[in-house]
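Single-structure report; data block below.
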Amino acid sequence: MKVKTKTKNNLGDIIVKDIIIFDTTLRDGEQSPGASLNIDEKLLVARQLEKLGVDVIEAGFPIASEGDFKAVKKIASMMKNTIVCGLARANETDIKRCWDAVKYAKKPRIHTFIATSKVHMEDKLKKTKEEIIEIAVNAVKLAKSLCDDVEFSPEDAGRTNLDYMCDVVRAAIGAGATTINIPDTVGYTEPKEFGDRIKYLFEKVPEAKNVVISVHCHNDLGNAVANSLSAIENGATQVEGCINGIGERAGNAAIEEVVMNLKTRKDYFNVNVNVNTKEIFRTSRLVSNLTGINVQRNKAIVGENAFAHEAGIHQHGVLANKNTYEIMISEDIGWEGENIVIGKHSGRHAIQKILKNEGLDVTKEQLEEITGKIKNLADSEKQIEIGDVIGIGRDVAFKLADSIQYIKLIEYSVTTGNKITPTATVKLEVYGEEKIGSGVGNGPIDAISSAIWSMLDTSLKLEKYNLRAITGGTNALANVSIQLKDIHDKIYGAKSVSEDVISASANALIDAINKALHYSETIHPQKDHFFFD
Ligand code: KIV
Ligand code: ZN
């Protein structure tokens, strides 16, 4: 098949294009239910993305909240080489706010957008085609007056009339946009159809060759990666996506899948990507650990099973020659965990290696604490497995900073049995003041939760409770993840591990409440956003 991303210079040599990798985990990814991150967590992800070597980080939507603004501003000042982009709707307030956050970056970018599909223009924006073009042009001009690097997206381009999409793009390029992003906002298109859209754009708008043509595909029909690759075959030179494919609804194109397609099948695509693939696994696990969104076992590239060969015939083949069943080497994505054995005498080094693999860069003190906890666990005759180390490591590494522990668990007692109603008494410190509450429930976890809620006057609701034993046996570590929802449907998630399921549940619940409180403290500083009188 003819690869269209190859071009020839005037000497007839084939030029291999660079594909720009644009990561929007911290913007589109963070918009997915349950994925919200606090500022410190966003900084950790941004740092890891820079290690991974993505070209652009879309750090947030600065107008959306004070927290988003601060996060974008911090990330902008922190990044050494990466372009830092902020999102802005096509209006003056958004664009100026966005610039105020990204301007601290060595390489800032403003990304402005407006919807161009019939349904969005008529029913959402109530604007005519001409009005939309005028708004887009004014937005790009304003952004350009502030920042050299301006990206423009006709939102829902995948369902936009093709010729009208070309008109909008032509106008945005004329106004100064340096990147034009074609989003399949609702994940509606099919790979060939989407590729043809890009091809048509290049044919109808010759000036598109002078800017970067980007694509941003959602995964509603499971086509996000295939659509992105099809666009590259037709000349797109920037791909947007999120780590682990997280994002609104079914998510965005998974960055690691796009990158590994381009690298593994360089013979087919003939393009370069500057990503350091050895950081892929770590980045994947960091995002999963922080957002609480697990990576599906059989997920391409980063799933636990991606490089496992259980079937005998496969094992035999792989032992004879890895190429029989492996098209990529696990080391290439930085996957090293398998051969580390954790025993009673495992030292800091082995533990640190496992944690590093999970994207957890712990301090010396944290490593000390984690090693101590693992040794205690081993002393209690528990066989330590990698999952235990990760669980404990995550608990220590992501412990909420003291400054945002508005509520602290001081002590609790729970009585339960087959002939009595489970009852709990809990002592909390709430904004520095000690409180005691009690509650009953269907089981001990229900009882301790009601005791905690009894002391807090809040509209937060429990959205999800999940309990998982990390490893086998009756002494397995309990891994609890909790999601709370506020009145604006914003989700706050937290996880905790412990040998004791009640303690893990109470800690996860309190962490999630603290995260919600932190959000209200930083975004809506008046405490009554959803909490207390
Ligand atoms: O999906 C989408 O259309 C977007 C735009 C803001 C680019 O996320
Ligand atoms: Zn999107």
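Both counts, for ligands and for their atoms, begin at 1 and track the order of listing. Index from 1, following the sequence. This structure is a prediction, so every number in the text was calculated from the model and none was measured.
Atoms CH2 and OG1, on W335 and T277 in that order, are 15.5 Å from each other to the nearest 0.5 Å.
Counting only distance, with no hydrogens or angles, the side chain of D395 and the backbone of G391 share no donor-acceptor pair below 3.5 Å.
Looking only at atom types and distance, the side chain of E233 has a donor-acceptor partner in the side chain of Y268 under 3.5 Å away. For the residue pair D163 and Y200, a side-chain donor N or O sits within less than 3.5 Å of a side-chain acceptor on the partner. In this structure, a donor-acceptor pair under 3.5 Å is absent between the side chains of N81 and K107.
Counting atoms of ligand 1 from 1 in the listed order, those under 4.0 Å from a heavy atom of D28 are 8 (O). Of all atoms in ligand 1, listed by their number and element, those nearer than 4.0 Å to a heavy atom of E155 are 3 (O). Against a heavy-atom cut-off of under 4.0 Å, H218 is close to the following atoms of ligand 1: 1 (O).
For atom 5 (C) of ligand 1, the closest non-hydrogen atom of the protein is R27 NH2, 4.0 Å. Protein heavy atom in closest approach to atom 3 (O) of ligand 1: T185 OG1, 2.6 Å. The nearest protein atom to atom 4 (C) of ligand 1, hydrogens excluded, is given as H216 NE2, 3.5 Å; this is a heavy-atom distance.
Per residue H216, closest N, O or S atom to the Zn ion (ligand 2): atom name NE2.
In summary, D28 places an N/O/S atom under 2.8 Å from the Zn ion (ligand 2), meeting the contact criterion.
Results of the salt bridge (Lys or Arg N to Asp or Glu O under 4.0 Å) test with D361 over K51, R285, R47 single out K51 as the only residue that passes.
Considering backbone and side-chain N/O of S153, none are found under 3.5 Å from N/O of ligand 1.
Ligand 1 is approached by H111 to a heavy-atom distance shorter than 4.0 Å.
In this view, E256 and K299 satisfy the side-chain hydrogen bond (donor to acceptor under 3.5 Å, both in side chains) rule, not counting sequence neighbours.
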